[in-house]
Amino acid sequence: IRNVVQFLESIQPEPGDWRYKLRRAQEILGYGNVHVALGAALLGCAVQALASLPWSLVSCLMPALFVFPMHSMNSYLNRGSLQWNDPGRAAFYHRWRLLFIILSAIAVSLSLVLALHIGFMTFLALALMLVVGLIYSFPDAFPQDVQRWTVFRVTTIPNSKTLFVPLAWSMVIAIVPYLSEHLAHFGKLLFAAWVVFGLVFTRTALLDLLAIRGDRLVGKETLVVQIGERRTVRVLRVVLAILACSLVLGPFLRLSSWFALILLGAVGAYWLTLALPDEGQWKEDPLFELMVESVLVGSGAFGLIWQAL
């Protein structure tokens, strides 16, 4: 039955049909990690709005150029799970792998150039994050003697992906761009980093819920695989509740601007996503993934508007 369902899902509309064009747009945004990079860039605007910092294009572009190659690299590393969950995505990555490699190399180089333009401390921190990302993604590429270092033990921690992805996002978006300046706003930046962590943690766990079938088959230890779907949903609701309380209290405690109240909409959107019926909803599909990613894009877009007012 599963094979029949996958065959029916693989049937594509005719190239001239509007559904084909919509599907292609979804693939470019979702499969191509364009939406991920856009979300990272716009979340930088949200961080600046939260911390009452002046708008900086460089501080928004640098995280986007870093996140894009990291997610592209992880997509290739997870191809075993992808082939089971979403054969169309796996085929897309295989077809355009050379282009992804070239674009990722360019993006990493540009992110380091922008980091150096911001300041040496920002460049050093981003370079360190790049090295840690390579160690996490390709631990076997290093010599055996090097693999005994403590930092390599990170790759063996259960649920590491669900935790380290939002941690990396929060660091590269809310902390690293401002290490060379704006230290007077460090408290607000820490608060903004927590907000980014909470939103991206929810986003990552939601996408893990979609991919649980393939992750189990290939032995991938995500939070969903470790504790199950229902417990994961409970954890996410607790995280969202704490995040909502933080956003309400932030302006009163002078940890953020009043823009924090607008981000309650993002918390509400993810809460409603968790409330969707289980059957038929948790499906690896570009449209649903774009819905999850659009919460981050929308949050950042409101931050950009806030900065412009």
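In what follows, every heavy atom counts, from backbone to side chain, and hydrogens, waters and symmetry copies are set aside.
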Identify the heavy atoms of S299 and A46 that sit nearest to each other, and give their distance.
-> O-CB, 4.1 Å

Is there a side-chain contact between L263 and L50 (heavy atoms, below 4.5 Å)?
-> yes

Using the rule that two of Ile, Leu, Val, Met, Phe, Trp, Tyr join whenever any of their side-chain heavy atoms come within less than 4.5 Å, decide whether L116 and V113 are in one cluster.
-> no

Derivation of the side chain to side chain contact (heavy atoms under 4.5 Å, CB included) call for R203 and V165 = CA-CA 10 Å; R203 168 253 180 208; V165 167; 4.2 Å; yes

Hey, could you give me the CD1/CZ distance between I118 and F123, rounded to the nearest 0.5 Å?
-> 12.0 Å

Taken to the nearest 0.5 Å, the spacing of K188 NZ from S52 OG works out to 4.0 Å

Closest heavy-atom contact between V172 and L126?
-> CG2-CD1, 3.7 Å

Pairwise distance CG(L304) to CG(L43) - rounded to 0.5 angstrom | 12.0 Å

Does some side-chain heavy atom of Y178 sit less than 4.5 Å from a side-chain heavy atom of H185?
-> no

Look only at the side chain of S104 and the backbone of I101, and say whether a donor-acceptor pair between them is shorter than 3.5 Å.
-> no

Side chain to side chain contact (heavy atoms under 4.5 Å, CB included) with M62: which of T122, L57, I173?
-> T122

Counting only heavy atoms not in F302, do more than 12 fall under 6.0 Å of its CZ?
-> no

Could you go step by step and tell me if L112 and L65 meet the side chain to side chain contact (heavy atoms under 4.5 Å, CB included) rule?
-> CA-CA 9 Å; L112 290 172; L65 292 170; over 6 Å; no

Answer yes or no: is there a side-chain heavy-atom contact under 4.5 Å between F201 and L167?
-> no

Spatial distance of atom CG (L42) from atom CG (L38) [nearest 0.5 Å] | 4.5 Å

Do W169 and V67 come close enough that some side-chain heavy atom pair is under 4.5 Å?
-> yes

Taking a hydrophobic cluster as the set of Ile, Leu, Val, Met, Phe, Trp and Tyr residues connected by side-chain heavy atoms closer than 4.5 Å, whether directly or through intermediates, do I102 and M70 fall within one such cluster?
-> yes

Would you mind reporting whether L124 and L179 have side-chain heavy atoms less than 4.5 Å apart?
-> no

Test applied, side chain to side chain contact (heavy atoms under 4.5 Å, CB included); reference residue, R237; option that passes from T232, L274, T202 = L274

For S170 and A193, the nearest pair of non-hydrogen atoms, with its separation, is CB-O, 3.3 Å

Pairs under 3.5 angstrom only: tabulate donor-acceptor contacts from the side chains of residues 238-261 to other protein residues two or more places apart or in another chain.
from : atom 1 : to   : atom 2 : distance (Å)
S246 : OG     : W194 : NE1    : 3.1
S246 : OG     : I242 : O      : 2.9
S257 : OG     : A49  : O      : 2.6
S257 : OG     : F259 : N      : 3.3

Working to the nearest 0.5 Å, report the span between OG of S111 and CZ of F68.
-> 12.0 Å

Nearest heavy-atom neighbours spanning V108 and P69 | CG2-CG, 3.4 Å

Okay, side chain of Q48, backbone of S56: is any donor-acceptor separation there less than 3.5 Å?
-> yes

Interatomic spacing from CG in L206 to CD in E293 - rounded to 0.5 Å | 10.0 Å

Residue pair L199 / Y270, side-chain heavy-atom distance below 4.5 Å = yes

For the residue pair P166 and T204, what are the closest heavy atoms and their distance?
-> CD-OG1, 4.1 Å

